[in-house]
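As a basis for the values below, the full set of heavy atoms in this structure was taken, side chains included, without hydrogen atoms, waters or symmetry mates. Just so you know, residue 1 is the first one in the sequence shown, and it goes up from there. Not measured: the values here are computed from a predicted model.
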Amino acid sequence: MAILVTIAIAIFSAALVFIVQPLFTKASTNKKSESTQQLSWLRETSNALSSPAVLLDGLIVKFANTPFLRTLGLVGLEDQIKGMPFTNIIHPADHQIFAELNAEAATGKTKNESTNIRLISLDGSAIPSNVSLTKMREDRDANLTLFQFTPLSAEHTLSSHFDPQFNYHFIIDKLEQIVFQLNFEGKIVFLNPAWESFLEYAIKDSLNKTISDFAHPEDKLMVESRLESVAYGRKPSFTIDLRLISLQGESNWFRLRARSSSNISGERTSVVGTITNIQDIKDAEAQHSANRRAANALLSHIPGMIYRCRHDRSWTFEYVSEGCIDITGYDSLDLLHDPSLTYNLIIHPTDRAAVWKLINQQIAEDETFNIVYRIITRKGETKLVQEVGRGVFSSTGELLALEGFITAVPDKQHHVSTLS
């Protein structure tokens with residue numbers, strides 16, 4: 001009888017398990033399906049956000065949206081980021097701040113004041129950011145939170161004296177200078193209408209490109225290097241001249257001024273600046289250089305040296321023609337840039353004091369002078385020269401410089417003299 005009772009209980013238990021187990025399995029499957037669907041929804045929501053965001057399970061990264069990956073330079077590395085501790089991306093000095101933020105988010109509360117945390121990009125640079133952490137779901141299987149941030153250097157900070165009703169957009173749009181802003185990747189995110197006026201490219205077609213995309217091939221590396229030095233905080237600002245190519249293929253000179261948009265030294269940031277058309281200045285400089293070359297070519301055929309010098313005992317030259325080689329044996333670079341060589345040293349030692357005295361006497365009388373004296377050439381030879389010149393005076397009568405002409409004369413006299 002006992003054996004029959006035992007067999008009956010076993011059969012009943014087996015039947016009960018057979019009936020009940022599918023119900024538990026179905027409930028578990030439904031729960032897992034629900035969890036998967038919710039996680040998928042959270043991922044889609046995160047990816048739809050325009051601001052950088054990452055979905056966390058506790059401290060582990062479950063999903064990072066495209067703006068997050070782009071801002072930190074992690075595009076294409078999403079698989080490596082999944083499952084990684086999120087603290088790997090936070091500056092070590094800010095781990096405690098994140099722990100406090102995480103603990104507060106676990107209670108379901110939201111902080112009224114902003115929290116600033118530095119995030120580490122792929123290249124190791126720190127990006128100071130305004131962050132928030134929002135609790136999404138918590139159960140025995142997961143503790144999901146949504147982390148969002150906005151780089152502080154990308155936020156527009158107005159001066160305390162700025163009138164919020166003032167239409168500063170109107171001024172920027174009317175400027176004849178190009179105003180630009182680059183993001184952390186060096187891509188153009190803002191241009192004012194002057195861009196289209198000078199380069200003829202549509203602004204919408206130029207955004208998300210780099211300045212170097214429009215630079216002359218010979219200037220590309222220079223502008224990339226300078227912009228990178230500012231973006232990475234190695235320099236606060238810079239100014240360079242470069243050539244930009246218009247839509248029609250025309251090359252023009254521009255002066256680019258750029259500076260970091262952040263006051264935090266050594267941290268990656270966006271860049272703002274202006275680009276000014278200086279083609280007229282470059283044309284004028286080229287014309288001046290051409291005129292100077294032509295004048296030098298003409299003066300080089302004159303048997304003597306034309307000069308401009310300061311009114312000092314060294315007779316410091318500010319300009320001297322190439323004829324100086326025939327007269328003194330020294331070339332113009334020696335006379336202009338060698339600090340150990342002055343024209344006073346070339347004058348014969350016996351004549352130096354007399355030359356200074358006579359020139360000053362004649363200038364005081366009629367602002368011109370005409371004297372003969374001896375010099376010592378580069379070869380150590382004594383040569384007799386004649387110098388004719390005049391004083392250059394300011395509007396107040398101050399003697400600023402001397403201009404004149406020096407030529408060799410037949411060696412008939414051996415002392416300083418004046419010629420009328």
Side-chain angles (χ1 to χ4, degrees), residues 48-52 65-73 75 127 150-159 162-232 236-262 268-283:
L49 294 173
S50 59
S51 61
N65 70 355
T66 300
F68 180 91
L69 298 172
R70 183 184 301 115
T71 302
L72 296 182
V75 175
I127 303 176
T150 302
L152 290 176
S153 55
E155 293 183 346
H156 181 61
T157 303
L158 296 177
S159 165
F162 188 83
D163 183 353
Q165 302 301 319
F166 189 76
N167 187 6
Y168 62 92
H169 289 289
F170 174 80
I171 295 178
I172 293 176
D173 287 348
K174 295 300 181 181
L175 285 176
E176 293 186 358
Q177 289 180 313
I178 297 170
V179 179
F180 68 88
Q181 181 179 12
L182 310 179
N183 64 11
F184 300 105
E185 297 177 312
K187 301 294 181 64
I188 300 171
V189 294
F190 173 81
L191 292 167
N192 69 333
W195 175 266
E196 295 183 346
S197 175
F198 286 121
L199 296 183
E200 301 175 331
Y201 286 99
I203 291 177
K204 62 181 180 63
D205 296 331
S206 304
L207 298 179
N208 295 318
K209 295 184 178 180
T210 65
I211 295 293
S212 62
D213 288 335
F214 303 92
H216 190 281
E218 295 178 1
D219 300 335
K220 285 182 180 292
L221 290 179
M222 174 184 66
V223 68
E224 288 174 357
S225 174
R226 297 295 184 87
L227 288 171
E228 183 177 293
S229 68
V230 169
Y232 282 82
S237 62
F238 72 87
T239 300
I240 60 170
D241 292 348
L242 78 162
R243 289 159 292 180
L244 297 179
I245 309 297
S246 71
L247 181 62
Q248 304 302 321
E250 182 180 357
S251 173
N252 283 301
W253 281 99
F254 293 84
R255 182 158 294 156
L256 186 149
R257 296 180 174 88
R259 68 178 303 108
S260 167
S261 62
S262 172
R268 191 176 181 184
T269 180
S270 59
V271 177
V272 295
T274 61
I275 301 175
T276 306
N277 188 321
I278 58 169
Q279 187 61 45
D280 289 345
I281 296 175
K282 290 294 184 178
D283 289 342

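A distance of 5.5 Å separates CH2 in W195 from CD1 in I275, rounded to the nearest 0.5 Å. How far OG of S246 is from CD of E200: 5.0 Å, rounded to the nearest 0.5 Å. To the nearest 0.5 Å, the span separating OG on S206 from CG on D213 amounts to 9.5 Å. Residue S237 holds its OG atom at 11.0 Å from CZ of R226, rounded to the nearest 0.5 Å. Once rounded to the nearest 0.5 Å, the distance linking CG of L242 with CD of E218 reads 12.0 Å. Taking CH2 from W253 and OG1 from T276, the interatomic distance works out to 14.5 Å, rounded to the nearest 0.5 Å.
Side-chain atoms of S225 never come within 3.5 Å of backbone atoms of M222 as a donor-acceptor pair (strictly under, hydrogens ignored). Panel note: side chain T71, backbone P67; a donor-acceptor pair is recorded below 3.5 Å.
Side-chain contact between I178 and T274: absent, with no pair of heavy atoms (C-beta onward) separated by less than 4.5 Å. The shortest side-chain heavy-atom distance between N277 and E176 does not fall under the 4.5 Å cut-off. Side-chain contact between F180 and L256: present, with at least one pair of heavy atoms (C-beta onward) separated by less than 4.5 Å. Between F238 and L227, the closest side-chain pair of non-hydrogen atoms falls below 4.5 Å. You'll find the side chain of L199 reaches within 4.5 Å of the side chain of F254, heavy atoms only.
Looking at every heavy atom in both residues, I172 comes nearest to N192 through O-ND2, 2.9 Å. Closest approach of L244 to A215, counting heavy atoms only: CD2-CA, 3.8 Å. Heavy atoms only, all atoms of each residue included: D173 and P193 are closest at OD1-CD, 3.4 Å. Counting all heavy atoms, side chain and backbone alike, N65 lies closest to S51 at ND2-O, 3.0 Å. Scanning all heavy atoms of the two residues, the minimum distance from V230 to R259 falls at CG1-C, 3.6 Å.
Of the candidates R243, K282, Q279, Q279 is the only one forming a side chain to side chain contact (heavy atoms under 4.5 Å, CB included) with N252. With L182 as reference, I211 is the one residue of T210, V272, I211 to meet the side chain to side chain contact (heavy atoms under 4.5 Å, CB included) rule. Between P151 and the options L72, I127, N183, a side chain to side chain contact (heavy atoms under 4.5 Å, CB included) holds for only I127.
Aromatic ring orientation, Y201 versus F214: perpendicular (interplanar angle above 60°, classes split at 30° and 60°).
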